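Treat the numbers as computed from the prediction; the structure is a model and nothing was measured. Numbered from 1 within each chain, the chains take letters A, B, ... in sequence-line order.
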2 protein chains.
Amino acid sequence: MTVGTTRELIAAEARRQFMAQGYAATSVRGVAGAAGIDPALVIRHFGSKEQLFLATVDVEGPFAPALAGPLTGMGERLVALVLDERLSGVLRTPYRAMIRATDSAAVREQLVAAMEATLARPLAERLDGPDAELRAHLVAAQVGGLLEALVILEDPAVVDADAAAVARLYGAAVSTLLTPPSG
Amino acid sequence: MTVGTTRELIAAEARRQFMAQGYAATSVRGVAGAAGIDPALVIRHFGSKEQLFLATVDVEGPFAPALAGPLTGMGERLVALVLDERLSGVLRTPYRAMIRATDSAAVREQLVAAMEATLARPLAERLDGPDAELRAHLVAAQVGGLLEALVILEDPAVVDADAAAVARLYGAAVSTLLTPPSG
DNA sequence: GTCTATACTGCGATAGAC
DNA sequence: GTCTATCGCAGTATAGAC
């Protein structure tokens with residue numbers, strides 16, 4: 001389906017390497033070599049290594065299915081999506097690459113924008129009660145925390161835990177923010 | 001209080017730069033220059049840039065005060081510690097530097113160990129009911145999520161939010177995992 | 001035994017020739 | 001458009017000066 005222009009060839013190879021090895025371990029020269037072209041071409045087409053990363057790596061935030069249903073059980077459904085390894089390619093892997101590249105302000109902003117557009121903003125519209133917007137962003141922080149433990153820190157206590165138990169327990173904690181605070 | 005040995009001089013300057021600029025933007029040559037010594041000496045003393053980082057940057061996990069009191073309100077107290085800017089130097093700043101250096105497995109392990117020793121393990125001993133250990137680690141994931149939103153991603157919706165509201169709302173969500181699950 | 005000088009390899013990026 | 005040559009900087013190893 002790729003048209004095969006040089007630019008798209010570079011982008012495809014760069015995405016592969018950034019996702020597999022991260023930002024620091026991926027070199028412009030390595031991408032160019034694997035694509036069979038000259039390193040200077042990569043810079044010519046994308047401007048810099050950072051811009052190449054921004055253009056090729058992004059999270060897609062596959063939260064829509066969980067947000068579509070009723071508020072009841074939504075916390076558990078959100079957590080289940082994070083735990084679903086079939087979604088790694090669109091969530092876990094780019095999330096890891098981007099978090100580890102947040103030295104760059106542009107990467108930070110792109111990741112915050114993606115999580116806001118796919119999670120915090122649509123969620124805020126669903127919430128009742130005071131502080132709906134803040135609560136939605138705090139849910140996003142919780143989701144980020146679980147992703148961090150799973151794929152950034154690879155904390156064995158979470159990675160090796162029973163997924164159903166994590167979904168139940170962490171999902172309940174997320175749900176606390178979905179229902180209006182009592183009092 | 002520093003004895004002034006070359007090794008300690010290097011360590012102090014390295015810590016300063018790693019905390020202020022992060023791992024990638026700090027160079028062995030820059031540390032050596034600021035310390036007024038030769039770059040090769042840094043390697044001589046610490047082996048590599050990565051080992052220099054591991055030896056000089058660590059989070060201290062100042063959670064003990066929050067963990068000491070009653071379970072009631074502990075969630076809010078933990079969140080308040082994360083939000084306390086006076087603790088930045090021992091928590092936020094090293095946390096940011098370490099998360100952004102988690103390409104290194106050794107950095108991952110050192111950060112996980114610090115959070116486990118100062119938060120998850122002492123907390124697990126305080127918790128009643130089933131899955132105490134998993135729940136304690138999920139609390140650590142929540143704390144990590146808040147730190148991530150605040151200091152890694154610098155999400156304006158959280159950074160600019162009223163601290164008291166964050167403590168109340170996020171603290172309540174943390175507390176969900178502190179009390180034994182109902183049912 | 002500390003420390004300096006030097007050098008090797010690889011990086012991102014630029015200038016300019018085809 | 002694409003490649004060649006090159007610049008300046010990085011981490012690090014080694015040799016040898018004090």
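- The distance from atom CD of Q17(A) to atom P of dG12(C) is 11 Å, rounded to the nearest whole Å.
- In this entry the distance linking CD1 of I10(A) with P of dG1(D) reads 13 Å, nearest Å.
- Between I37(B) atom CD1 and dT4(C) atom P the separation is 7 Å, expressed in whole Å.
- The nucleotide whose nearest atom lies closest to any side-chain atom of S48(B) is, among dC3(D), dT12(D), dA10(D), dT12(D).
- In this structure, CG of L9(B) is placed 13 Å from C1' of dC3(C), rounded to the nearest angstrom.
- Side-chain N/O atoms of H45(A) include none lying less than 4.0 angstrom from OP1 or OP2 on dG1(D).
- In this structure, CG of D38(A) is placed 16 Å from P of dC18(C), rounded to the nearest angstrom.
- Nearest-nucleotide positions on DNA chain D place R44(A) closer to the 5' end than the other of R29(A) and R44(A).
- A straight line from CG of L41(B) to P of dA5(C) spans 12 Å, rounded to a whole angstrom.
- Here the side chain of R15(A) pairs a donor or acceptor atom with the backbone of T56(A) at under 3.5 angstrom.
- For the pair I43(A) CD1 and dC11(C) C1', the computed distance is 11 Å after rounding to whole Å.
- With hydrogens and angles ignored, the 3.5 Å screen pairs no side-chain donor or acceptor of Y95(A) with any backbone N or O of G61(A).
- At dT2(D), one or more side-chain N or O atoms of T6(A) fall inside 4.0 Å of OP1 or OP2 (strictly under the cut-off).
- Computed from coordinates, the K49(B) NZ to dA13(D) P distance equals 15 Å when rounded to whole Å.
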Acceptor/donor pairs from residues 123-138 of chain B side chains to any protein atom, 3.5 angstrom cut, sequence neighbours excluded:
unit_1	atom_1	unit_2	atom_2	d
R126(B)	NH1	L67(B)	O	2.7
R126(B)	NH1	G69(B)	O	3.0
R126(B)	NH2	G69(B)	O	3.2
R135(B)	NE	L177(B)	O	3.0
R135(B)	NH1	D128(B)	O	2.8
R135(B)	NH1	P130(B)	O	2.8
R135(B)	NH2	D128(B)	O	3.2
R135(B)	NH2	L177(B)	O	3.4
R135(B)	NH2	L178(B)	O	3.2
H137(B)	ND1	E133(B)	O	3.1
H137(B)	NE2	E116(B)	OE1	3.4

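- Note: Y23(A) and F18(A) have parallel aromatic rings, judged against thresholds of 30 and 60 degrees for the angle between ring planes.
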